[in-house]
**Student:** 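Mind having a look at this structure? Questions to follow.
Everything quoted here is computed from the prediction, not taken from an experiment. Computed over heavy atoms, backbone and side chain alike; hydrogens, waters and symmetry mates excluded.
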Amino acid sequence: MKSGVKFITALTFFLGGELSPVQAQTPTYYDPEWRITAPSLAGLPRLRFLTSLDFPPFNFADANKKPTGFNVDLARAICTELKISAKCEIQALPWADLEPALEARRGEAIIAGTAITAEKRATYNLSHSYFKFPARFIANKSAEELSGKSFVSSLKGKKIAAVANSAHAAMLKANFKDVEIVPMGGIQDVYSAVKSSEVDLAFVDGVSASFWLSSTKAENCCTYLSGPYYSEYYFGIGMAVVTRKQDVDLSVAIDAAMKNLEQTGKYKEIYQRYFPISPHGQNF
């Protein structure tokens with residue numbers, strides 16, 4: 001997610017003041033009871049989605065240097081859902097140029113990993129969140145088995161690695177009082193520590209970890225443990241599609257389309273295309 005930062009950070013959600021795992025293999029974000037109807041976009045000459053090429057797997061360049069990724073496929077699915085595929089375009093720009101291009105009417109929407117913030121809401125229309133980044137525990141497969149039902153209590157005295165001065169380290173300190181937090185200089189140090197069993201577990205961004213876990217560097221050493229952890233308090237609300245303030249009908253139509261994509265399973269299809277190891281799944 002991007003909002004003045006360059007790379008993926010974990011998004012977590014506080015539940016009742018305590019950190020709680022949520023069961024969901026493929027995440028869902030829209031309330032099924034939310035009634036939303038897409039306004040007519042018949043008068044819209046075209047729908048140009050602006051994205052960047054430096055945020056894999058969400059938006060990046062394919063072998064032919066064309067935009068691809070989760071966000072790009074989602075944008076195309078939105079156009080199909082709204083029955084305006086013939087009017088749909090995807091244009092890649094440097095991240096810093098996206099909002100100026102939108103404001104200059106060189107595009108109608110941004111889908112590139114924009115974080116939902118009060119400042120952004122004051123300037124633009126933001127869709128409902130369509131992706132959040134869970135924090136996850138990862139452990140060496142050879143480590144002592146921890147019970148799912150008493151997972152939190154079974155962490156007592158365990159060494160848990162986290163990037164020093166990160167939001168993950170802050171969450172551990174605030175919510176897991178009886179663990180030994182082992183601060184590391186960077187995420188690769190954290191991965192190495194859990195791989196070598198220098199620590200019992202690590203607490204990391206689940207999305208980034210999903211790609212490390214399936215990489216040759218991990219050598220099938222490790223796995224997620226417990227469930228995903230979300231906290232708006234520490235990391236925000238999620239990613240949104242951005243439109244201009246005056247384009248209210250377009251913003252509502254995008255939300256209606258994404259809700260339908262979730263309900264029909266198309267969102268799940270796109271999600272599983274890019275996240276074969278789901279960072280949102282439950283693992284004990």
**Student:** For the residue pair F70 and F58, categorise the inter-ring angle as parallel (less than 30°), tilted (30 to 60°) or perpendicular (more than 60°).
**Tutor:**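 Plane angle over 60°, so perpendicular.
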
**Student:** Please determine whether the number of non-hydrogen atoms from other residues, nucleotides or ligands lying under 6.0 Å from atom CG of D31 exceeds 12.
**Tutor:**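 Above 12, so yes.
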
**Student:** Any side-chain heavy atom of F55 sitting closer than 4.5 Å to one from W95?
**Tutor:**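 Side chain of F55 against side chain of W95, heavy atoms only: no contact under 4.5 Å found.
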
**Student:** Will you find, in the side chains of Y267 and T264, an N or O donor that is under 3.5 Å from an N or O acceptor?
**Tutor:**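 No pair is found: no donor N or O on one side chain lies under 3.5 Å from an acceptor on the other.
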
**Student:** Quick one: CD1 on I84 to OG on S40, what's the gap to the nearest 0.5 Å?
**Tutor:**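 Between atom CD1 of I84 and atom OG of S40 there are 10.0 Å.
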
**Student:** How close do I138 and A209 get, counting heavy atoms only, and between which atoms?
**Tutor:**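 Taking I138 first and A209 second, the nearest heavy atoms are CG2-CB, 4.4 Å.
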
**Student:** Roughly how far, to the nearest 0.5 Å, is the OG1 atom of T51 from the CG atom of N59?
**Tutor:**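 Answer for the CG-OG1 pair, N59 versus T51, is 3.5 Å.
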
**Student:** Check this for me: does any side-chain nitrogen of one of R48 and E89 sit under 4.0 Å from a carboxylate oxygen of the other?
**Tutor:**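 Salt bridge between R48 and E89, a charged N being under 4.0 Å from a carboxylate O: no.
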
**Student:** State, with a plain yes or no, whether a side-chain heavy atom of S278 is found less than 4.5 Å away from one of Y224.
**Tutor:**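 Side-chain contact under 4.5 Å: no.
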
**Student:** So among L44, N260, L41, which one has a side-chain contact (heavy atoms from CB on, under 4.5 Å) with L82?
**Tutor:**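 Single side-chain contact (heavy atoms from CB on, under 4.5 Å) partner of L82 among L44, N260, L41: L41.
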
**Student:** Ignoring hydrogens, what is the shortest heavy-atom contact between P279 and R136? Give both atom names and the distance.
**Tutor:**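 Heavy atoms only, the tightest pair is O-NH1, 2.7 Å.
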
**Student:** Just wondering, are more than 12 heavy atoms of other shown residues or ligands nearer than 6.0 Å to NZ in K195?
**Tutor:**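 It does: K195 NZ has more than 12 such atoms within range.
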
**Student:** Please round to the nearest 0.5 Å and tell me the distance separating atom CG of L93 and atom OG of S52.
**Tutor:**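 That separation rounds to 9.0 Å.
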
**Student:** Should K266 and E269 count as an ion pair when the cut-off is N to O under 4.0 Å?
**Tutor:**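 Yes, charged N to carboxylate O under 4.0 Å.
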
**Student:** Is a side-chain N or O of H168 found less than 3.5 angstrom from the main chain of A135, in a donor-acceptor match?
**Tutor:**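 No, H168 side chain to A135 backbone: no donor-acceptor pair under 3.5 Å.
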
**Student:** If you define the side chain from C-beta out and look only at heavy atoms, does anything of T114 sit under 4.5 Å from K120?
**Tutor:**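 They are in side-chain contact.
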
**Student:** Looking only at atom types and distance, does a side-chain atom of R46 sit under 3.5 Å from a main-chain N or O of G107, one as donor and one as acceptor?
**Tutor:**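 No; zero donor-acceptor contacts below 3.5 Å.
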
**Student:** Please confirm whether the backbone N or O of Y191 pairs with a side-chain atom of K217, one donor and one acceptor, at under 3.5 Å?
**Tutor:**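 Not at all, since once roles are kept as given, no pair shorter than 3.5 Å links the two residues.
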
**Student:** Nearest 0.5 Å, please: how far is OG1 in T28 from NZ in K259?
**Tutor:**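 One gets 11.5 Å once the value is rounded to the nearest 0.5 Å.
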
**Student:** When rounded to the nearest 0.5 angstrom, what is the spacing between CD1 in I270 and CG in D73?
**Tutor:**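 With rounding to 0.5 Å, CD1 (I270) is 5.5 Å from CG (D73).
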
**Student:** To the closest 0.5 Å, what do you measure between CZ (F203) and OG (S166)?
**Tutor:**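 Spacing of CZ (F203) from OG (S166) equals 9.5 Å.
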
**Student:** Using a 4.5 Å cut-off on heavy atoms from C-beta on, say whether the side chain of E108 contacts that of T243.
**Tutor:**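 Side-chain contact under 4.5 Å: no.
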
**Student:** Answer yes or no: does atom NZ of K159 have more than 12 heavy-atom neighbours from other residues, nucleotides or ligands under 6.0 Å?
**Tutor:**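 Open.
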
**Student:** List, one per line, each side-chain donor-acceptor pair under 3.5 Å for residues 124-131, sequence neighbours excluded.
**Tutor:**
residue : atom : partner : partner atom : Å
Y124    : OH   : E99     : OE1          : 3.4
Y124    : OH   : E103    : OE2          : 2.3
N125    : ND2  : R244    : O            : 2.6
N125    : ND2  : K245    : O            : 3.1
S127    : OG   : V241    : N            : 2.8
H128    : NE2  : Y29     : O            : 2.7
S129    : OG   : I237    : O            : 3.4
Y130    : OH   : N71     : OD1          : 2.8

**Student:** Is there a path of hydrophobic side-chain contacts, each under 4.5 Å between heavy atoms of I/L/V/M/F/W/Y residues, joining L53 to V242?
**Tutor:**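 In one cluster with V242: L53, no.
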
**Student:** Are any of the side-chain heavy atoms of L213 and C222 separated by less than 4.5 Å?
**Tutor:**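 They are in side-chain contact.
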
**Student:** Would the distance check show the side chain of E198 and the main-chain N or O of S192 forming a donor-acceptor pair, the cut-off being under 3.5 Å?
**Tutor:**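 Checked: no pair found.
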
**Student:** Any idea which heavy atoms bring P67 and V72 closest together, and the distance?
**Tutor:**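 Closest heavy-atom pair between P67 and V72: O-CG1, 3.7 Å.
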
**Student:** If only atom types and distance count, is the side chain of K141 paired as donor or acceptor with the main-chain N or O of T223 below 3.5 Å?
**Tutor:**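 Here the side-chain-to-backbone pair does not exist.
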
**Student:** Do you know which two heavy atoms are closest between Y234 and A170, and how far apart they sit?
**Tutor:**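 Residues Y234 and A170, closest heavy atoms: OH-O, 3.6 Å.
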
**Student:** Can you establish whether the number of heavy atoms outside K65 located under 6.0 Å from its atom NZ is more than 12?
**Tutor:**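 No - once you tally the heavy atoms of other residues, nucleotides and ligands closer than 6.0 Å, there are 12 at most.
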
**Student:** Would you say the side chain of F137 lies within less than 4.5 Å of the side chain of L155, judging by non-hydrogen atoms?
**Tutor:**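 Yes. Closest side-chain heavy atoms under 4.5 Å.
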
**Student:** What pair of heavy atoms forms the shortest contact from A109 to I254, and how long is it?
**Tutor:**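 Reported closest heavy-atom pair: CB-CD1, 4.3 Å.
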
**Student:** Taking the side chain as everything from C-beta on, heavy atoms only, tell me whether I36 gets closer than 4.5 Å to V252.
**Tutor:**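 Counting from C-beta outward, I36 and V252 do come under 4.5 Å.
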
**Student:** Would you mind reporting whether C79 and L47 have side-chain heavy atoms less than 4.5 Å apart?
**Tutor:**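 Of all side-chain heavy-atom pairs linking C79 with L47, at least one is under 4.5 Å.
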
**Student:** Using atom types as modelled and distance alone, determine if a side-chain donor or acceptor of S251 lies under 3.5 Å from a backbone N or O of D247.
**Tutor:**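 No.
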
